[in-house]
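The structure under discussion appears below in the form of structure tokens.
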Amino acid sequence: MLLEGTGMKVSEMLVPTLREIPAEAEVVSHQLLLKAGFIRKAAAGVYNLLPLAWRVVKKIEQIIREEMDRQGGQELMMPIVQPAELWRESGRWDVYGPELFRLKDRHGRDFCLGPTHEEIITTLVKGDINSYKQLPLLLYQIQNKYRDERRPRFGLLRGREFIMKDLYSFDYDQDGLDVSYNKMYEAYNNIFSRCGLDFRPVVADSGAIGGKDTHEFMVLAESGEATIVYCEGKECGYAANEERAEAVVTGVKDDTPVLELKKIHTPDCRTIADLASFLKVAPERMIKTMLYTTEKETVAALVRGDREINEIKLYNILGCVKLDMAGPATVLAVTGAQTGFAGPVQLKGVRIVADPEVMTMTNAVCGANEDDHHLVNINLGRDFEPDIVTDIRLVKSGEPCPNCGNKLLEARGIEVGQVFKLGDKYSKAMNATFLDENGQARLFIMGCYGIGVTRTMAAAVEQYHDERGIIWPAQIAPYHVAVLPVNHKDEHQFGTAESIYRQLVATGVEAVLDDRPERAGVKFKDADLVGYPLRITVGDKGLAAGQVELTTRQTGDMKMVPLDKIVDEVKSSLLGLGYTGL
RNA sequence: CGGGAUGUAGCGCAGCUUGGCUAGCGCGCCUGCCUUGGGAGCAGGAGGCCGGGGGUUCGAAUCCCUCCAUCCCGACCA
């Protein structure tokens, strides 16, 4: 194990803990990492990782390396500064937008800081891999990446500079890619388990990177930016990003008699809620009509009144580059009415996309495309006809699982990793080929697999903390145990503490000795704040009986341990906390 | 990028409305005494281009203009 057998005296360590939380920090991981002396800001979204944080990062990296290597991955290093030509070749120089950090050298040539490394690795492999005999190839790197975020925030959770692991797979064909993908999927499960995190792989949207299959690995935490839904049934295992979760059509088309279409006056009823209370009609009986504009057209999207539109799904269906809700001017031009009175009946000049649930509705209510008026008893076929019928709504907790029908639950997650099947997107754009057994050129079939290393560290803090500070999982804790003499002037206490510290370090436990001339309370507070999994307290009471206290940070449990048993006791406690490095 | 806010000592803040002596408070830091099981006490001390620039004024932390930085809320992502 990389860091085995290390120890440090707290008086010699750079651990600048604070008594108060800097005002700029909002989320708990940011607050605690600052307060506990792990990080300091250099610029918005750019941080110094102080010694404790760097140790955590190295431990996470080490776990990643072991799991990547186990699957046949080979680590390499690639440049952070990359020439624009490569990005022009893949087409991303123009597509990537302002998030790409761009710079010029002294000759005026364009470069960028790598936000990801598909271009450069594809070029590398293109140059040096010529034969199918050299495949599959799994290459990875762990290094700084850059993204000029519109709004860096949440400390390490969304920085502009961050440490990331990316593995790129190169395969002969789709079947090979499936194998590589599965290897990485397994590796990721191992990695996040070994980091001691509570996480879940979820079906995800592939976004701008394209490609078909993709999973995100989510660390479950209240502060997570993503919403995931998952099946309550343990055997089923269905879990998806809310963006991607499939909706089950619950209604059925019944044989209720179709009534006569009527237009009614509905003054100031602009929302479903207004209308429901005005007409005394349930939202499930209404059709919500939302107008969206893309770079090429305006479309109307229909969902049941109690549902919400999933813009990601709509975006994917339309195959557009930009999707925005239509402004008041567009709404007026298309419907002839102000916002809030749109409906599919007699709606001209726009495509209508309807959620399947809408197709089951009879005698529904919708906007009349006229100020202060709605239509009642509108019916599919007679009154309107959608151009596209497909799932475009947001799935909520409580709905049936698309896989097994059990109930879906909701949770918040922090995305710490994602696995992608890229296919030939980059190899095609950059003409990266190899020769197959028939001497024919074939495109590499690629996959990419990322883990946000610094984000994973922050996610661990989000998941494991209390009001006193961080509670590191033993596997990624900067040190395992803090040895703490209560009274630094008491030579017996201090000598005993130092002796325990030396024994621990000698046996491979990572320990610190809090030798500072501080009062006990200060040391306790700092130890809790920094989050060492274990604490050994050497004080009068225990020593009189030849004992010291061993406290577990996570549970607060304390037990008295005889001096000659303390090293063994620490080891078995670490084992109990899931640490396997001893 | 749109909306909102904030920049005063290492951290947290007051002072600004209504311009006026040497710019304050708490914590931290340094020295000494004292204390020693959950961020002790007393005494002394160091530390400020009041975000930058420009203006108004006899006089600006305070009023005006401008730039910069930082944070929060929305749309994108590991």
Side-chain angles (χ1 to χ4, degrees), chain A residues 16-27 30-31 34-35 37 40-46 96-100 114-117 142 144-167 188 204-209 214 216-219 225-226 241 243 311-312 315 321-325 413-420 448-459 468-469 484-490 493-494 516-529 535 537-543 548-549 551 556 558:
Chain A
T17 55
L18 304 171
R19 298 230 172 163
E20 287 176 279
I21 297 166
E24 68 187 32
E26 190 71 11
V27 299
H30 191 195
Q31 293 178 335
L34 282 169
K35 190 176 182 208
R40 286 293 182 264
K41 185 175 69 178
V46 181
Y96 218 100
E99 297 205 345
L100 190 61
T116 175
H117 285 63
I142 302 178
N144 287 8
K145 303 213 175 186
Y146 296 83
R147 176 165 299 177
D148 197 358
E149 288 282 344
R150 287 180 201 177
R151 178 148 88 90
R153 56 181 148 170
F154 303 152
L156 255 33
L157 284 174
R158 183 180 293 275
R160 295 194 293 174
E161 176 181 81
F162 50 93
I163 300 173
M164 192 163 145
K165 186 282 304 183
D166 257 324
L167 183 142
Y188 276 36
D205 182 73
S206 56
I209 302 182
T214 177
E216 290 167 337
F217 286 76
M218 298 284 190
V219 167
E225 292 183 86
N241 191 311
E243 296 174 343
E311 294 187 2
I312 304 277
Y315 175 89
V321 179
K322 254 184 67 175
L323 180 72
D324 293 299
M325 277 183 61
I414 299 167
E415 184 189 344
V416 289
Q418 185 159 20
V419 290
F420 265 111
C448 76
Y449 318 86
I451 292 179
V453 177
T454 35
R455 177 182 279 187
T456 298
M457 172 167 68
R468 294 182 309 198
L484 208 150
V486 167
N487 185 340
H488 73 278
K489 278 189 179 164
D490 182 316
Q493 280 182 28
F494 195 88
R516 296 174 300 170
E518 294 285 355
R519 295 164 60 86
V522 173
K523 298 186 197 180
F524 290 142
K525 291 285 187 194
D526 272 352
D528 287 346
L529 180 59
R535 186 183 86 200
T537 310
V538 183
D540 284 338
K541 303 174 199 163
L543 275 191
V548 292
E549 295 166 23
T551 310
M558 186 274 281

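Throughout, a chain's letter reflects where its sequence line sits, starting with A, and its residues are numbered from 1.
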query = Does a nitrogen or oxygen in the side chain of A:R19 sit under 4.0 Å from OP1 or OP2 of B:rC11?
reply = no
Nucleotide opposite B:rG19 in a Watson-Crick or G-U pair, distances under 3.5 Å = none
Check against side-chain contact (heavy atoms from CB on, under 4.5 Å), A:H117 and A:K145 = CA-CA 9 Å; A:H117 285 63; A:K145 303 213 175 186; 3.1 Å; yes
ask   = When you check the gap from the basic side-chain N to the acidic O, do A:E149 and A:R158 get nearer than 4.0 Å?
value = yes
query = On a plain distance test, is the side chain of A:D526 in donor-acceptor contact with the base of B:rG39 below 3.5 Å?
reply = yes
query = Contact class for A:D490 vs. all strands (heavy atom < 4.0 Å): base, sugar-phosphate, or nothing?
reply = nothing
inquiry  = When the C1' atoms of B:rA60 and B:rC65 are compared, how many Å lie between them, rounded to an integer?
reply    = 15 Å
query = Under 4.0 angstrom, heavy atoms only, what part of the nucleic acid is A:G155 near: base, sugar-phosphate, or nothing?
reply = nothing
ask   = Can you find a pair of side-chain heavy atoms, one from A:R455 and one from A:I414, that are under 4.5 Å apart?
value = yes
A:R151 side chain near B:rC72 phosphate (N/O to OP1/OP2, under 4.0 Å) = yes
ask   = Would one find a side-chain N or O of A:R455 under 4.0 angstrom from OP1 or OP2 of B:rA78?
value = no
message = Would the base of B:rG38 count as contacting A:R535 through its side chain, where contact means a donor and an acceptor less than 3.5 Å apart?
response = yes
query = So, does the side chain of A:R150 form a donor-acceptor pair with the base of B:rA75 at under 3.5 Å?
reply = yes
query = Which of these nucleotides, B:rG38, B:rA78, B:rG37, is closest to any side-chain atom of A:A520?
reply = B:rG37
message = Whether the side chain of A:E518 and the base of B:rG39 hold a donor-acceptor pair under 3.5 Å is what I'd like checked.
response = no
task = Go through the steps to decide whether A:N487 and A:F494 satisfy the test side-chain contact (heavy atoms from CB on, under 4.5 Å), and finish with yes or no.
result = CA-CA 7 Å; A:N487 185 340; A:F494 195 88; over 6 Å; no
